[in-house]
Amino acid sequence: MTKPVNFLYIMTDQHRADWLGCAGHPVVKTPNIDALAARGTRFTDFHVASPVCMPNRAAFMTGRYPTTNGMRFNGGRLSLRANTFVDVLRAGGYRTALLGKSHLQTMTADQPHDWQDPKDAPIPEAWKPEDGDYLNEEPHRYQSAERFEPETPYYGFDEVDLVTMHGAFCGGHYLQWLRDKHPDWQELRDPANQLPHDYTCPQAIRTKLPEDSYPTAYVRDRAKDYLRANANNDQPLFTFVSFPDPHHPFTPPGKYWDMYSPDDFEIPNRFEDHENPPPPLTACRKDLLANALPEARTTAQMVSDQHVREAMALSAGMITMIDDAIGEIIAVLEETGQLDNTVIIFNSDHGDYLGDFNLLLKGPWMSETITKVPMIWADPTAPEPAIRDDLGSTLDMAPTILERAGITPYVGMQGRSLLGQVGGTLPDRDTLMVEYNDGFARMGFDSPARVRGLLTEDWRLVVYRDQDWGELYDRRNDPLNLRNRWDDTDCAGTKAQLMESLTHHLIAMMDDSPRADRPA
């Protein structure tokens with residue numbers, strides 16, 4: 001009897017779709033990811049369900065929009081009551097492993113920006129408290145020298161090796177390992193002790209951590225060890241390898257720091273290039289001119305051309321380090337005879353402005369640079385390599401993987417399987433919705449932003465709650481989104497059609513689970 005197919009799912013963090021060699025980037029080197037694309041299917045118009053870490057990761061795991069699955073913004077938690085596609089794989093006989101970043105629960109002990117003590121309220125929340133441990137990814141669990149073991153299955157994963165936070169300052173099991181390996185770990189990670197450099201870009205830190213002690217190397221080595229140890233496992237494998245880079249801060253170690261020069265990079269568009277910039281852009285421009293720093297290090301900010309180029313160079317170093325790690329992981333599959341029976345998927349949890357109109361990071365201004373991400377499906381049984389330019393969503397990954405595994409999904413998934421597109425059939429979707437829900441007010445908004453976007457092959461519509469403005473861009477004729485057509489009377493009919501389509505998407509967000517037990 002033929003053994004069911006294995007899956008190796010590789011995810012990066014805050015990685016734009018166009019920052020790969022196979023996507024046409026003129027500078028960044030990603031030969032191993034490019035090789036995957038050369039023997040697989042690369043989706044060129046693949047978007048997240050939400051352009052922020054936790055909501056999109058929960059959408060990935062559940063196949064359900066953030067509004068539906070309950071993980072609506074960063075700082076929340078995915079309910080332990082929520083089924084995931086990994087639960088389905090596990091119930092179907094798969095051995096499942098999470099190696100790296102999860103971010104389905106909070107990674108810090110910080111309170112939300114607008115947090116208030118609800119002690120005087122007899123009932124503080126709309127939901128009754130849930131039983132279960134939601135502190136598995138918080139720092140205090142990893143302070144002891146003894147390894148902390150979350151209760152498994154953890155959202156469906158049998159084996160868990162967690163890396164929390166970002167850059168050179170990661171925590172979780174990685175930090176427990178680092179403390180044991182380097183008694184001087186605090187000195188190595190202290191920004192005050194960083195190596196000399198001439199970068200002035202915000203969050204550029206030249207870490208003293210050796211390359212083999214950096215989080216990317218840790219995830220790489222855990223993945224290699226796990227794949228070797230399970231090469232002859234009777235169970236099929238679903239292995240999720242999740243790198244915390246190239247998310248800021250910008251901390252590529254060793255040779256990856258100066259692998260690229262800022263002078264190598266061109267800025268595709270600047271603030272001045274936008275014909276009618278929307279309020280979030282003008283608010284960030286005002287802050288730049290006033291030298292006003294953002295409230296939080298995770299808040300997007302507008303920076304100078306030089307700072308953009310520096311961030312690009314350091315991000316490229318972080319991406320190439322990941323690419324090198326991926327090459328080593330795939331080599332283990334080949335050495336152990338698993339490559340010909342493993343579907344390898346490469347994806348990211350969201351993008352990054354990374355110079356788009358002089359912005360860095362991500363935020364409630366919903367540009368394509370933060371919604372569009374890489375997506376490669378390399379299947380040993382696919383008829384031939386392909387490039388697909390039809391729309392795809394993070395929501396689609398759960399049903400696609402389950403269909404490939406031959407396992408029926410649960411009721412309530414909102415994505416659509418892409419397996420037909422991998423096989424060369426016509427696209428199944430002509431519109432796609434993206435949602436964004438902020439945890440506090442920023443980028444010029446007076447209250448936490450609530451945003452919904454709709455994409456077609458030709459147009460992108462973005463609606464902001466309670467705002468008298470919105471955005472409409474001609475994707476085909478204005479790919480850099482330099483002219484907002486929201487108030488253009490020539491586009492009024494198109495705008496009305498897109499608004500109607502968005503309304504249908506919002507109606508469809510109703511949770512279909514659980515089904516009615518009986519006819520009425």
Side-chain angles (χ1 to χ4, degrees), residues 1-12 17-18 20-25 30-48 60 63 85-86 88-89 92-94 227 231 235-241 323 326-327 329-348 372-409 413 415-432 455-457:
M1 182 176 178
T2 303
K3 181 181 177 181
V5 69
N6 294 329
F7 294 92
L8 171 63
Y9 202 116
I10 301 169
M11 182 174 282
T12 53
D18 54 351
L20 294 173
C22 58
H25 198 281
T30 53
N32 295 295
I33 299 171
D34 298 349
L36 272 183
R39 65 181 183 84
T41 300
R42 182 170 67 87
F43 289 80
T44 65
D45 207 4
F46 190 93
H47 294 259
V48 295
F60 161 65
F85 80 89
V86 185
V88 181
L89 288 173
Y94 273 76
L227 292 171
Q235 291 179 274
L237 305 178
F238 178 81
T239 309
F240 181 42
V241 177
D323 185 80
I326 289 172
I329 294 169
I330 294 174
V332 169
L333 289 179
E334 191 166 14
E335 292 164 10
T336 56
Q338 300 177 77
L339 186 61
D340 291 340
N341 192 44
T342 300
V343 174
I344 304 175
I345 307 159
F346 178 79
N347 189 210
S348 184
K372 188 188 292 188
V373 290
M375 169 55 193
I376 298 169
W377 178 283
D379 193 320
T381 66
E384 58 185 15
I387 296 176
R388 299 291 307 211
D389 59 4
D390 36 284
L391 292 166
S393 169
T394 295
L395 297 172
D396 300 335
M397 297 318 302
T400 305
I401 291 168
L402 292 177
E403 183 181 357
R404 182 64 179 85
I407 302 175
T408 303
M413 281 195 180
R416 306 178 186 182
S417 174
L418 300 174
L419 207 58
Q421 280 92 307
V422 172
T425 63
L426 295 174
D428 187 42
R429 171 189 276 118
D430 55 9
T431 62
L432 181 150
L455 292 123
T456 72
E457 180 182 353

Check against side chain to side chain contact (heavy atoms under 4.5 Å, CB included), I330 and N32: CA-CA 9 Å; I330 294 174; N32 295 295; 5.6 Å; no

Step-by-step side chain to side chain contact (heavy atoms under 4.5 Å, CB included) determination, I344 to L339: CA-CA 9 Å; I344 304 175; L339 186 61; 3.9 Å; yes

Audit row: V86, F240, side chain to side chain contact (heavy atoms under 4.5 Å, CB included) steps and yes/no: CA-CA 10 Å; V86 185; F240 181 42; over 6 Å; no

Residues F43, K372; criterion side chain to side chain contact (heavy atoms under 4.5 Å, CB included); working and verdict: CA-CA 10 Å; F43 289 80; K372 188 188 292 188; over 6 Å; no

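Between F7 and Y94, the angle of the ring planes lies from 30° to 60°, which puts this pair in the tilted group.
The two residues R404 and V343 make their nearest non-hydrogen contact at NE-CG2, 4.0 Å. For the residue pair V48 and T394, the shortest heavy atom distance occurs at CA-OG1, 3.3 Å. The two residues P399 and G415 have their closest heavy-atom pair at CG-C, 3.8 Å. Here the closest non-hydrogen pair linking D45 and D389 is CB-O, 3.7 Å. The two residues S417 and T400 make their nearest non-hydrogen contact at CA-OG1, 3.4 Å. P383 approaches G423 most closely through the heavy-atom pair CG-O, 4.2 Å.
For A382, the side chain to side chain contact (heavy atoms under 4.5 Å, CB included) partners two or more places apart in sequence, or in a different chain, are D379, V422. A search for salt bridge (charged side-chain N to carboxylate O under 4.0 Å, His left out) contacts involving E457 returns R476, not counting sequence neighbours. Listed by chain and residue number, nothing satisfies the side-chain hydrogen bond (donor to acceptor under 3.5 Å, both in side chains) test with N6 (two or more places apart in sequence, or in another chain). Residues passing the salt bridge (charged side-chain N to carboxylate O under 4.0 Å, His left out) test with D390, sequence neighbours excluded: R388. With sequence neighbours excluded, no residue forms a side-chain hydrogen bond (donor to acceptor under 3.5 Å, both in side chains) with T239. Remark: N347 engages Y9 in a side-chain hydrogen bond (donor to acceptor under 3.5 Å, both in side chains) (not counting sequence neighbours). With sequence neighbours left out, the ring pair (Phe, Tyr, Trp, His ring centres under 6.0 Å) criterion links F85 to F60, F238. Judged as a salt bridge (charged side-chain N to carboxylate O under 4.0 Å, His left out), and not counting sequence neighbours, the contacts of E335 are R228. Residues passing the side chain to side chain contact (heavy atoms under 4.5 Å, CB included) test with Q235 are R95, N233, sequence neighbours excluded. Under the side chain to side chain contact (heavy atoms under 4.5 Å, CB included) criterion, P385 pairs with no residue at all, not counting sequence neighbours. Under the side-chain hydrogen bond (donor to acceptor under 3.5 Å, both in side chains) criterion, T12 pairs with H15, S348, sequence neighbours left out. Residues that satisfy the salt bridge (charged side-chain N to carboxylate O under 4.0 Å, His left out) test with R39, not counting sequence neighbours, are absent from this structure.
Going from atom OG1 of T381 over to atom CG of D340 covers 11.0 Å, rounded to the nearest 0.5 Å. Interatomic distance, CD of E334 versus CD1 of I329, reported as 14.5 Å (0.5 Å rounding). The CD1 atom of I387 lies 4.5 Å from the CZ atom of R42; values are rounded to the nearest 0.5 Å. Taking CG of D430 as the start and OG1 of T456 as the end, the distance is 8.0 Å to the nearest 0.5 Å. How far CG of L432 is from NE2 of H47: 6.5 Å, rounded to the nearest 0.5 Å. With rounding to the nearest 0.5 angstrom, the OG1 atom of T44 is 9.0 Å from the CG atom of L391.
Between T336 and L227 there is no side-chain heavy-atom pair separated by less than 4.5 Å. By the 4.5 Å heavy-atom criterion applied to side chains, I401 and W377 are counted as neighbours. Side-chain contact between I33 and P374: absent, with no pair of heavy atoms (C-beta onward) separated by less than 4.5 Å. When side chains are defined from C-beta on, M413 counts as touching L402, because their heavy atoms get closer than 4.5 Å.
The backbone N or O of P4 lies less than 3.5 Å from a partner atom in the side chain of N341, making a donor-acceptor pair. A distance-only check finds no donor-acceptor pair linking the side chain of T30 to the backbone of L20 [under 3.5 Å].
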